[in-house]
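Read through the structure below, which is laid out as structure tokens, and then see the notes.
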Number of protein chains: 4
Amino acid sequence: MPKVSAEHLTNRRRQILDAAAGCFARNGFHRTSMQDIVKESGLSAGLIYRYFTGKEDMILAIVAEWHTTRSAGLGTADDPLAAYLGLLRAIADPAAAQQRNLGMQAWAETVREPRIRALARQGVDDQIEAFGAVAPEPLIRVLVAVYQGLLLQASWDDSLDVEAFVAAVGELVRRRV
Amino acid sequence: MPKVSAEHLTNRRRQILDAAAGCFARNGFHRTSMQDIVKESGLSAGLIYRYFTGKEDMILAIVAEWHTTRSAGLGTADDPLAAYLGLLRAIADPAAAQQRNLGMQAWAETVREPRIRALARQGVDDQIEAFGAVAPEPLIRVLVAVYQGLLLQASWDDSLDVEAFVAAVGELVRRRV
Amino acid sequence: MPKVSAEHLTNRRRQILDAAAGCFARNGFHRTSMQDIVKESGLSAGLIYRYFTGKEDMILAIVAEWHTTRSAGLGTADDPLAAYLGLLRAIADPAAAQQRNLGMQAWAETVREPRIRALARQGVDDQIEAFGAVAPEPLIRVLVAVYQGLLLQASWDDSLDVEAFVAAVGELVRRRV
Amino acid sequence: MPKVSAEHLTNRRRQILDAAAGCFARNGFHRTSMQDIVKESGLSAGLIYRYFTGKEDMILAIVAEWHTTRSAGLGTADDPLAAYLGLLRAIADPAAAQQRNLGMQAWAETVREPRIRALARQGVDDQIEAFGAVAPEPLIRVLVAVYQGLLLQASWDDSLDVEAFVAAVGELVRRRV
DNA sequence: GATGAATGAGGATTCATTCAT
DNA sequence: GATGAATGAATCCTCATTCAT
């Protein structure tokens, strides 16, 4: 007999995850203290532990969500190439800075946490499956690699010419097809 | 007149950096304690602080060296494409696991440490300059991105078919050239 | 005019005390959280605080009850020695494990809580008074000590030969009388 | 190649254990914070963890030492009964308040920590073995129980007449022999 | 009355760094 | 130079208690 609605619980969880995502994106997982998240969320320390078993659990949730977001709506496009180039533009967008930062943090964690590594690998495999009908695995892997590398470069270089990058990719791929 | 030879100093520094690189690659920067490095190096805590001002300084040194290694010998090849494909094979090699892990750690740090971010950006710029004679910047960026993404994917997936990946890249690029 | 019957209040209190006694006996006062008692009792946290002012108050109630139980029916036996030996058998009984555990917890609390210490002392004094007609104080103290020590030893050693213990006590005392 | 002498290490350990014993005897294991021990010892928090893996480890060390002290010199006396009565006097002595308090704490821990329970049981078994030549096990158990009970009663009642207690025990036992 | 979500102070422990020897 | 013992601030987490519903 819960005292609050399921919606309330969902909102609270969202509130915590948003605060955590903000902190993590700004300072990395390990330079972010639970206290930072407490402050950013406006909640209390104790309450956060009713939603997550600990910091590790929160990191895992953030990373899982990151990959889920990335895989959403995959392979449903009429024009796969155009859709892919759209993804490139999206990840390089200035507004996606938080997403990029979280991504880089998540990748670093793959080194020491098997579950995060599994999520990362699954993320790539999802792409391979989604585009399996229109391209062979190695090519998809290359395109995923391009996406990953663009994420990095866009993060480091505000003046990166995204359109030129996308155009170069388009040219490489179109000739092939 | 220094009490110990410059060579001795260099060796000691090397010894510390090697120990640190090993620890960092295994557990990440933040899960590695100075004590871990002390143990792995076989030296004492006090001594390490005579070579580095602190942990941050060591991380910086490790990251700087990582990028230096990557830029070494760039643009001197007769056949740039073949040289590039060789780099792809090298970074995906099982023996390069430590290099891959360090790279991912370094990338994560770009989020919060401007100097590491500058090193990362410089690393890409070095490639652009080195290959500026044979290809336009956007294309080089794409190829660097492919390298970066392959580093990630090879790290996550032991069964990745590197040759198929390299072949796919070769095919894309050769048609263009 | 109370909203609920006095009986209801008593039952609730009993329910809480039983839950607390179970938890305390299993894990000790300090390894038992209020949440543990909440769960075990099937009631809510808020309700428990309407019956007890806090954890300390509950511990006090448990300890008081423990001593009350021990003093009940004292000195009414026709054959005091036989009655005493029966008490020895009872406290060493496997079924009395919870009583033994609570006793040991209560004794430990006498160190820091004067009220619990007073209860413990009163417990001994009650025995002295109850058996004052049939034995001098020092002897009663010795017999109480035997009871206390048996409680400990029975708790630590499942294979303790209770009958042999009781026989040894009986022999010592009978010769004296 | 330790920087300090083995004696220094032993002294430090002693220093910590003494501070801990003082705190534990005053407030019990669980009302004593590591910070309390840090203050009482005059050392730093970090240093204490170089000697003990944690609070649990310290409790275990304190309890082990308590039982060791109790078993020291057992069974070497010419007159076992006189020696035993001496032990009774010693544990009831006002100066032994700390020993009594630690004992009660240790007994309470037997409920939840198998290793402490094993130490307690072993403590009794040691007595049984030490006096096995002069008395049967049940009688020894009874005498140990008397000791344990006296510890409790002396702790609770400053005005306890120890000599009368000891005399009562002496009388019971002497008649038997 | 009854609930359980929410609080936040307090606790155990770690770890980068220093400094006496 | 070299050591490693020592420091103590900072971290993650728990839990007794309260109070809005």
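Here is how names work: the chains are called A, B, and so on, in the same order as the sequence lines, proteins then strands, and each is numbered from 1.
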d(CD1, D:I16; C1', E:dT13) in whole Å: 15 Å
Rounded to the nearest 0.5 Å, what's the gap from OG1 on A:T53 to CE on A:M58? Could you check? 10.5 Å
With a 4.0 Å cut-off on heavy atoms, is B:F52 in touch with a base, just the backbone sugar-phosphate, or nothing at all? nothing
Who pairs with E:dG10 - Watson-Crick or G-U, where each distance is under 3.5 Å: F:dC13
Does the side chain of B:R70 come under 3.5 Å of the side chain of B:Q99 through a donor N or O and an acceptor N or O? yes
What string of B, S and - do you get for nucleotides 14-21 of chain F 5' to 3' if you count protein non-hydrogen atoms under 4.0 Å? BBSBBBBB
Does F:dT21 have a Watson-Crick or wobble partner in any strand here, with both distances under 3.5 angstrom, and which is it? E:dA2
How long is the gap from CD on B:E65 to CG on B:L102, to the nearest 0.5 Å? 9.5 Å
Is the backbone N or O of C:L9 less than 3.5 Å from a side-chain atom of C:R14, with the two atoms forming a donor-acceptor pair by type? no
Within the distance-only criterion (no hydrogens, no angle test), does the side chain of D:R12 pair as donor or acceptor with the backbone N or O of D:Y51 below 3.5 angstrom? no
Over how many whole Å does the gap from A:I37 atom CD1 to F:dC13 atom C1' extend? 13 Å
Rounded to the nearest Å, what distance is computed from the NZ atom of residue D:K39 to the P atom of nucleotide F:dT7? 16 Å
Between B:T32 and B:N27, is there a donor-acceptor pair closer than 3.5 Å when you use the side chain of the first and the backbone of the second? no
Heavy-atom nearest nucleotide on DNA chain F taken for D:H8 and for B:G42; more 5' hit belongs to B:G42
Return the value, rounded to whole Å, for the distance between atom CG of A:N27 and atom C1' of F:dT11. 15 Å
By nearest heavy atom, map B:S44 and D:I48 onto DNA chain F; which one lands nearer the 5' end? B:S44
